[in-house]
Number of protein chains: 2
Amino acid sequence: MRYPAAETAEKHQRILTAAARLFREQGFDGVTVGQIMQATGLTHGPFYNHFASKEALMAESTLHGSEHSRVALDAASASPEAMRQYVRDYVSTAHRDAPGDGCLLAALAGDVRKQPAVRPAFTFHLKTIIGKLAAHFPWQKKRDPRQQAIVMLSAMVGAVALSRAVDDDAFSDEILKAVNTAFTT
Amino acid sequence: MRYPAAETAEKHQRILTAAARLFREQGFDGVTVGQIMQATGLTHGPFYNHFASKEALMAESTLHGSEHSRVALDAASASPEAMRQYVRDYVSTAHRDAPGDGCLLAALAGDVRKQPAVRPAFTFHLKTIIGKLAAHFPWQKKRDPRQQAIVMLSAMVGAVALSRAVDDDAFSDEILKAVNTAFTT
DNA sequence: TGTACATCAGTGAACGCGCGTTCACTGATGTAC
DNA sequence: TGTACATCAGTGAACGCGCGTTCACTGATGTAC
């Protein structure tokens with residue numbers, strides 16, 4: 001049956017939000033179209049009324065999911081202490097344990113290599129985050145801020161990815177704490 | 001038909017080697033049992049004469065594939081300059097462009113989170129690498145070597161993973177170069 | 001040493017199964033008059 | 001304003017397809033005597 005236009009647009013957003021979460025939790029290949037549609041309360045059929053393919057959804061949800069991260073970083077740009085807190089929150093056990101609500105760089109870097117359709121959105125997001133970190137993080141020395149931002153973000157992404165892969169809670173905590181101490185004290 | 005025992009053992013190794021390479025290139029879910037067996041020159045049927053399941057192969061090939069890395073790092077432990085060269089080679093474009101021959105930490109960290117069977121082997125390998133780096137890398141200051149090793153390895157793993165995900169060659173090179181400069185000059 | 005038989009890795013067709021995707025149908029909404 | 005019709009998102013069964021895994025069969029090798 002036909003539905004009001006506003007309702008359709010809202011469902012489109014609901015699909016995007018559910019997909020962004022599920023993809024970060026379980027990876028692109030670990031989530032089925034059916035699971036995504038179930039998370040929005042619909043059957044899997046009408047998915048193709050909203051998106052051309054699963055691949056198209058992957059690309060669009062990566063753009064959609066990255067907006068929140070950029071907004072959060074903009075908010076933190078107001079003060080040096082807020083920037084340090086941003087980094088602390090990033091390499092935290094809370095972030096490690098909630099990939100669905102977390103950064104897509106750490107959650108999906110490995111998957112993106114195998115998904116050409118997602119690479120442009122991922123690249124754009126990574127460039128933006130590095131630019132904001134370089135501009136607003138309170139760097140201590142006189143070295144190139146952009147280079148320092150790349151090194152710090154690489155360490156943050158690597159630490160979260162490794163801490164999630166590891167089988168030993170104390171070791172996982174140690175990885176996060178090491179990177180936290182190195183950049184925020 | 002029956003085959004000599006030596007030949008059987010050799011085929012077991014060939015499967016492990018082919019699997020270790022393919023898994024790093026395309027991820028655990030991106031490789032089929034058929035592809036692995038084809039890479040060893042056999043049909044897919046006899047796979048189950050060698051391994052209980054694909055999951056069992058994933059775990060065993062992770063152990064198998066990590067041995068080379070540890071040997072390489074032990075060789076580099078002989079001199080400070082060799083350790084720096086180890087890091088340079090890690091964050092190189094050559095390593096980025098050949099994941100099948102490269103470090104499993106950077107290639108499979110994201111996949112391991114979703115593969116419980118592989119996590120013990122991955123964790124053991126990561127602990128070993130960090131221990132060797134902490135012990136033999138020429139750290140400059142008096143800070144905790146183990147903490148510095150974790151930070152450096154996180155940055156190395158993160159940089160290689162991000163450089164592989166990105167859609168822009170110059171940007172990809174820049175990521176590797178930033179981490180290289182930070183730790184080896 | 002020679003012979004008969006048991007072994008077991010390799011073969012390749014076949015199996016369930018779950019995936020992404022398609023499609024004929026439904027029926028409340030929006031629109032034309 | 002009221003009525004008749006066209007629209008189109010949702011439904012849910014169905015489709016190919018490729019995956020991991022199984023299995024009856026083959027036949028050169030190893031072993032018993």
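Letters A, B, ... mirror the listed sequences (proteins, then strands); counts begin at 1. Quick note: numbers below take in every heavy atom, side chains included, and nothing from hydrogens, waters or symmetry partners.
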Taking [atom1] from [X] and [atom2] from [N], how many angstroms apart are they, rounded to a whole number?
{"X": "A/Gln26", "N": "C/dC19", "atom1": "CD", "atom2": "P", "answer": "11 Å"}
{"X": "A/Asn49", "N": "D/dT11", "atom1": "CG", "atom2": "P", "answer": "10 Å"}
{"X": "B/Asp29", "N": "C/dG18", "atom1": "CG", "atom2": "C1'", "answer": "13 Å"}
{"X": "A/Gln38", "N": "C/dC19", "atom1": "CD", "atom2": "C1'", "answer": "15 Å"}
{"X": "A/Glu55", "N": "C/dC19", "atom1": "CD", "atom2": "C1'", "answer": "15 Å"}
{"X": "A/Phe47", "N": "C/dC23", "atom1": "CZ", "atom2": "P", "answer": "16 Å"}
{"X": "B/Met37", "N": "D/dT21", "atom1": "CE", "atom2": "P", "answer": "13 Å"}
{"X": "A/Glu10", "N": "D/dA9", "atom1": "CD", "atom2": "P", "answer": "15 Å"}

In plain terms, say whether [X] and [Y] are close enough for a salt bridge, that is, a side-chain N and a carboxylate O under 4.0 Å apart.
{"X": "A/Asp168", "Y": "B/Lys127", "result": "yes"}
{"X": "A/Arg84", "Y": "A/Glu81", "result": "yes"}
{"X": "A/Lys114", "Y": "B/Asp111", "result": "yes"}

Open item on the list: As a check on the pairing definition, encode DNA chain C in dot-bracket form, counting Watson-Crick and G-U wobble pairs whose two distances are under 3.5 Å, and using | for partners outside this strand.
Closed with: .||||||||||||||||||||||||||||||||

Name the atoms and distances for all side-chain donor-acceptor pairs under 3.5 Å in residues 149-160 of chain A, with sequence neighbours left out.
unit_1, atom_1, unit_2, atom_2, d
A/Ser154, OG, A/Ile150, O, 2.9

[X] side chain, from C-beta outward: closest of [options]:
{"X": "B/Tyr48", "options": "D/dT21, C/dA9, C/dT22", "result": "D/dT21"}
{"X": "B/Val33", "options": "C/dT11, D/dG10, D/dT21", "result": "D/dT21"}
{"X": "A/Ser53", "options": "C/dG10, C/dT21, D/dT11", "result": "C/dT21"}

Task: Earlier contact from the 5' end, DNA chain C, for A/Gln35 and A/Pro46 - done: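 The answer here is A/Gln35.
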
Open item on the list: If we count only N and O atoms by modelled type, under 3.5 Å, do the side chains of A/His12 and A/Glu60 hold a donor and an acceptor together?
Closed with: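 A/Glu60 and A/His12 do have a side-chain donor-acceptor pair below 3.5 Å.
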
Task: Side-chain donor-acceptor contact under 3.5 Å, A/Thr93 with A/Asp97 - done: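 Note: A/Thr93 and A/Asp97 side chains miss the donor-acceptor criterion.
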
Give a yes/no answer on whether the side chain of [X] brings an N or O atom under 4.0 Å of OP1 or OP2 in [N].
{"X": "A/Thr43", "N": "D/dT11", "answer": "yes"}
{"X": "A/Lys54", "N": "C/dC19", "answer": "no"}
{"X": "B/His44", "N": "D/dT22", "answer": "no"}

Open item on the list: Please find the pair of heavy atoms, one from B/Met83 and one from B/His136, that lie closest to each other, and give the distance.
Closed with: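 Result for this residue pair: CG-O, 3.4 Å.
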
